[in-house]
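These numbers were taken from a predicted model, which means no experiment stands behind them.
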Amino acid sequence: MVIWSTTEIVVFAAVALMVLFKLWSVWHVARRSQANREGKLIFLGVISSLTLFGIGAKLYISHQMGI
């Protein structure tokens with residue numbers, strides 16, 4: 001089991017807020033540029049998958065360091 005320090009929890013919360021802002025800003029720009037539905041989904045899909053990969057890597061590294 002991984003026990004997170006207070007600093008790690010704060011960093012994780014900050015990253016979560018940045019991810020939400022990133023997704024909102026990409027959606028907002030795609031909407032303002034009058035992109036079609038496929039374009040919006042591609043942008044969100046790429047951004048979401050890269051974000052999930054980064055968060056998964058952080059969790060994996062935390063787990064491995066806790067062993």
Discussion item. Taking Met18 as the starting point, is it possible to reach Val11 by hopping between hydrophobic residues whose side chains are less than 4.5 Å apart?
Written reply: yes

Worksheet item: In Å and rounded to the nearest 0.5 Å, what is the OH to CE distance from Tyr60 to Met65?
Response: 12.5 Å

Fill in: Any donor-acceptor N/O pair, Glu8 side chain to Ser5 backbone, under 3.5 Å
yes

Worksheet item: Quick one: CZ on Phe12 to CG on Leu17, what's the gap to the nearest 0.5 Å?
Response: 10.5 Å

Worksheet item: Would a hydrophobic clustering, with Ile, Leu, Val, Met, Phe, Trp and Tyr connected at side-chain separations under 4.5 Å, put Ile55 with Ile9?
Response: yes

Worksheet entry | Nearest-0.5 Å distance that lies between atom CD1 in Ile42 and atom CG in Asn36 | 8.0 Å

Response to the item:
Rounded to the nearest 0.5 Å, the OG atom of Ser48 sits from the NZ atom of Lys22 at a distance of 8.5 Å

